[in-house]
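Here is the structure we will look at, set down as structure tokens.
These numbers come from the heavy atoms of this one structure, side chains and all, not from hydrogens, waters or symmetry mates. Chain A is the first sequence line, chain B the second, and so forth, proteins listed ahead of strands; every chain is numbered from 1.
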Amino acid sequence: MRFTDGFIPTLREDPAEAEIISHKLMVRAGLLRKVAAGVYSWLPLGLKVLRKVEQIVREEMDRAGGLELLMPALQPAELWETSGRWQAYGDEMMRLTDRHEHSFCLGPTHEELITSIAKELRSYKDLPKCLYQIQMKFRDEIRPRFGVMRSREFLMKDAYSFHADQASLDRTYEAMQSAYSLIVERCGLSFRPVKAAGGLIGGAVSEEFMVLADTGEDVVVYCPDCSYAANLDTAASKWHTAAPDEPLKERVKVHTPEKTSVEEVADSLNISSDRLVKTLIFKTGEKTVAALLPGHKGLNPVKLAGILGVGEVALYEEDDFKARPDLISGFVGPVGLSDAVIIADHSLKTMRNFVVGANVKDYHWRDANVDQDFGVDVWADLVYAEPGELCPECGTGRLEQMRGIEVGHIFQLGVKYSDKLNAKYVDDGGIERPFIMGCYGVGVSRLVAATIEQKHDDRGIIWPASLAPFDIHLLLLSKDEEVKIDADNVYEELSSGYDVIYDDRQVSAGIKFADADLIGMPMQVIIGKKWLETKSAEIKLRATGERFEVEAGDLLKWIKDRRQRD
RNA sequence: CGGGGUGUAGCGCAGUUUGGUCCAGCGCGCCUGCUUUGGGAGCAGGAGGCCGGAGGUUCGAAUCCUCUCACCCCGACCA
């Protein structure tokens with residue numbers, strides 16, 4: 001395409017609204033324009049990239065046995081009421097009412113809808129099936145940000161699989177796992193699959209695909225010595241040492257006036273904070289939960305929510321304490337605690353003679369012990385894994401952290417939705433059973449942003465060949481009429497085998513160079529001074545900056561060879 | 001929603017503290033002409049803004065007051 005026929009509005013300056021590099025570059029390079037908070041128009045150049053990612057995703061899904069379909073974005077409330085998520089999804093769901101006062105939402109995800117469709121699968125003979133679509137999703141994010149990285153309307157590939165047994169689900173899950181790796185690899189990105197929490201979508205087994213980038217919103221904990229990698233939300237570690245072999249003592253009440261924080265109590269008793277057990281009180285619907293963990297560790301609320309099987313947990317606030325006069329803020333402890341579920345971190349099993357709150361203002365117990373002084377209802381991993389701690393899998397590597405962008409997430413759902421929505425098939429014994437399900441998502445539009453986040457320099461975007469909107473950027477730098485005619489011919493010639501953007505604008509060379517680097521096609525073919533002298537073009541590779549002089553007659557062959565090599 | 005901040009030409013900004021010197025200004029971009037053409041050219045001329053919106057104070061408001069809307073950043077959420 002001739003530049004003058006295209007619509008590529010490039011900007012010299014960074015837009016004020018953009019914070020991260022990919023957002024700045026997407027606006028500056030003319031891929032994207034903002035319409036409202038978290039809502040964007042994709043301009044022609046941006047759409048070309050989006051379509052390329054979409055096509056890669058489609059090809060890999062098809063190869064993995066997926067069947068494409070298209071469901072509506074507009075969905076009736078009734079469907080969501082049967083699964084209970086019309087309420088559960090909360091403010092994040094975009095809701096609307098039609099002229100007949102019927103409630104609808106713009107789909108934030110499609111488990112409900114796909115499950116209703118899957119009811120057509122009647123027999124175990126129809127299984128397994130994996131259905132997918134590539135479609136706009138709508139989520140009224142609390143805080144949209146970073147351009148299309150976290151927007152309220154975004155392109156997603158979502159797939160759902162239906163199985164008669166766990167082994168079948170495992171096979172599809174693995175096929176998706178490798179399909180996802182291939183998708184991210186084909187986009188030319190370095191990434192890491194990591195263990196993840198199910199969240200609102202739910203499910204026991206789940207993995208996220210993280211594109212590594214400093215600006216990523218997620219933290220990945222990984223082991224440099226083995227393959228272990230997990231989202232910080234779920235990452236485990238081996239950190240507590242064996243029990244000090246000291247005899248159990250009788251607990252003693254100590255006066256700790258005004259000492260409410262871990263540090264203050266530890267200081268006033270002249271002990272280190274790891275000899276103190278803190279008790280955090282949470283409310284989860286009807287229940288009150290007391291979480292016990294060592295004083296020097298941080299509580300991971302995602303783990304706690306997972307153990308309790310709820311979407312999120314909320315710490316007790318002032319008003320909650322007023323409603324429970326037996327709980328004294330700052331002095332809460334497990335000894336004598338009633339009407340609360342006690343969940344303790346595994347590390348407490350090996351702790352002895354520790355300090356806990358006494359449930360009396362200004363007092364703590366010292367030399368308290370599990371069993372002897374209080375019981376524990378649930379043992380669990382409640383704490384954050386920290387860098388430097390030992391890997392939970394190999395046991396020898398020291399964990400490290402890095403940031404990542406979640407571009408894909410796969411889940412084993414089990415019967416969570418099929419049960420509620422009464423989606424069943426008949427097994428070989430003639431008995432009705434709910435489908436065993438999996439679901440698999442890729443953020444297609446986010447993948448575009450993630451690519452730029454990883455592939456750019458201070459001049460602009462560096463597209464990998466697989467996603468570049470054009471293969472070749474042809475620059476005409478001479479005003480000479482004959483050279484112009486030659487350049488037109490080169491454009492025709494290259495266009496026979498490649499998608500070419502031809503900068504035929506009447507602007508200075510500097511502008512053409514700057515725009516070419518900004519919009520980032522992998523290969524620039526420059527026709528300028530040397531053409532007059534030797535009929536040769538200069539080829540510049542965007543990624544490395546390498547330049548080659550190639551004679552007119554050799555252009556096609558040179559480009560073909562080079563592209564095969566790369 | 002809580003905390004912080006910003007709305008002035010297509011984009012990036014100054015002016016607001018201390019009302020008048022602003023029927024609003026700068027850089028980039030845009031239009032016309034001439035010159036220029038290998039890393040964001042020069043000269044000359046020109047177009048473009050009811051200063052986010054509504055109301056108020058005042059002889060006079062981009063500037064002060066009230067209300068309102070939008071957007072951005074920090075937190076909980078997630079592809």
Side-chain angles (χ1 to χ4, degrees), chain A residues 9-20 23-24 27-28 30 33-39 53 57 89-93 108-110 134-159 180 183 196-201 208-211 216-218 231 233 301-302 305 311-315 405-411 439-450 459-460 475-480 483 505-518 524 526-532 537-538 540 545 547:
Chain A
T10 59
L11 261 37
R12 191 177 292 204
E13 288 174 283
D14 285 336
E17 81 215 25
E19 188 76 3
I20 61 169
H23 187 194
K24 288 177 182 172
V27 176
R28 280 189 57 206
R33 285 296 183 266
K34 188 175 82 175
V35 176
V39 182
V53 175
V57 170
Y89 224 98
D91 293 335
E92 211 167 299
M93 188 182 267
T109 178
H110 281 71
I134 298 174
Q135 189 226 33
M136 283 296 177
K137 293 283 184 281
F138 298 83
R139 293 184 192 171
D140 195 357
E141 292 279 348
I142 303 165
R143 186 152 86 85
R145 77 189 115 164
F146 300 153
V148 293
M149 198 72 91
R150 173 173 306 282
S151 52
R152 294 194 290 178
E153 176 180 342
F154 60 97
L155 193 63
M156 180 174 175
K157 186 285 300 179
D158 47 324
Y180 272 45
I183 288 167
L200 204 56
I201 311 255
E208 292 165 334
F209 288 75
M210 294 285 190
V211 168
E217 291 183 90
D218 289 280
N231 191 308
D233 291 341
V302 178
E312 59 180 2
V313 292
L315 258 176
I405 300 162
E406 182 189 352
V407 296
H409 199 158
I410 58 178
F411 306 81
C439 86
Y440 320 89
V442 170
V444 177
S445 41
R446 179 180 283 182
L447 207 36
V448 176
R459 293 174 180 280
L475 316 202
L476 168 61
L477 298 186
S478 172
K479 271 243 171 128
D480 187 284
V483 176
R505 291 177 298 172
Q506 306 276 320
V507 297
S508 74
I511 290 179
K512 293 190 180 183
F513 281 131
D515 275 346
D517 287 344
L518 176 61
Q524 296 173 14
I526 302 158
I527 293 182
K529 269 179 181 161
K530 283 176 190 139
W531 191 271
L532 267 181
E538 183 178 333
K540 176 184 155 185
R547 291 159 191 272

Give me the distance, rounded to whole Å, that separates [N] from [M] when you measure between the [atom1] atoms they each carry.
N: rC51(B); M: rU36(B); atom1: P; value: 44 Å
N: rU17(B); M: rG12(B); atom1: P; value: 25 Å
N: rC74(B); M: rA79(B); atom1: C1'; value: 23 Å
N: rG20(B); M: rU63(B); atom1: C1'; value: 11 Å
N: rG45(B); M: rG7(B); atom1: P; value: 32 Å

Whole-Å distance separating the [atom1] atom of [X] from the [atom2] atom of [N]:
X: R145(A); N: rA76(B); atom1: CZ; atom2: P; value: 8 Å
X: I511(A); N: rG38(B); atom1: CD1; atom2: P; value: 13 Å
X: N231(A); N: rC77(B); atom1: CG; atom2: P; value: 11 Å
X: R459(A); N: rG40(B); atom1: CZ; atom2: C1'; value: 11 Å
X: R505(A); N: rG39(B); atom1: CZ; atom2: C1'; value: 13 Å
X: R28(A); N: rC11(B); atom1: CZ; atom2: P; value: 16 Å
X: E19(A); N: rG75(B); atom1: CD; atom2: P; value: 11 Å
X: F146(A); N: rA79(B); atom1: CZ; atom2: C1'; value: 16 Å

Would you indicate what [X] reaches in the nucleic acid, counting non-hydrogen atoms under 4.0 angstrom: base, sugar-phosphate, or nothing?
X: T10(A); result: nothing
X: A37(A); result: sugar-phosphate
X: G408(A); result: sugar-phosphate
X: D218(A); result: base
X: K34(A); result: sugar-phosphate
X: A36(A); result: sugar-phosphate
X: M210(A); result: nothing

Inset, instruction - Please state whether the base of rC78(B) and the side chain of R139(A) form at least one donor-acceptor pair under 3.5 Å? - result: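 A donor-acceptor contact between them is absent.
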
Inset, instruction - Can you check whether any acceptor in the base of rG39(B) is under 3.5 Å from a donor in the side chain of R547(A), or vice versa? - result: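 By the distance-only test, yes, there is a pair.
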
Legend entry - Side chain proximity check, P108(A) to R139(A), heavy atoms < 4.5 angstrom: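 Side-chain contact under 4.5 Å: yes.
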
Inset, instruction - Would you indicate whether the side-chain heavy atoms of I527(A) and L477(A) approach each other to under 4.5 Å? - result: no

Legend entry - Donor-acceptor under 3.5 Å (R152(A) side chain, F138(A) main chain):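 Here the side-chain-to-backbone pair does not exist.
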
Legend entry - Note: E217(A)-R150(A) ion pair, threshold 4.0 Å (strictly below): yes

When you check the phosphate oxygens OP1 and OP2 of [N], does a side-chain N or O of [X] lie under 4.0 Å from one of them?
X: S508(A); N: rA41(B); answer: yes
X: K529(A); N: rG38(B); answer: yes
X: R150(A); N: rC77(B); answer: no

Legend entry - Contact nearer the 5' end of RNA chain B, comparing L11(A) with D515(A): L11(A)

Legend entry - Annotated protein contacts, base or backbone, on nucleotides 1-10 of chain B with a non-hydrogen cut-off under 4.0 Å, one of B, S, - each: ----------

Legend entry - Per-pair stack call F513(A) and rG40(B), 5.5 Å, 30°: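 Per 5.5 Å and 30° rule: no stacking.
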
Inset, instruction - Could you tell me the separation between the CD1 atom of I20(A) and the CD1 atom of I405(A), rounded to the nearest 0.5 Å? - result: 6.5 Å

Inset, instruction - If rA47(B) has a Watson-Crick or G-U wobble mate with both distances under 3.5 Å, name it; if not, just say none. - result: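 With both distances under 3.5 Å required, rA47(B) matches none.
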
I'd like a table of atom pairs between the protein and nucleotides 12-16 of chain B - only N or O on both sides, under 3.5 Å - with the distance next to each one.
| residue | atom | partner | partner atom | Å |
| --- | --- | --- | --- | --- |
| rG12(B) | OP1 | A16(A) | N | 3.1 |
| rG12(B) | O2' | E13(A) | OE2 | 3.3 |

Inset, instruction - Verify whether one side chain among Q524(A) and D517(A) offers a donor that lies under 3.5 Å from an acceptor in the other. - result: yes

Legend entry - side chain to side chain donor-acceptor pair (under 3.5 Å) involving D233(A) - partner list, sequence neighbours excluded: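 Result, side chain to side chain donor-acceptor pair (under 3.5 Å) vs D233(A): none returned.
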
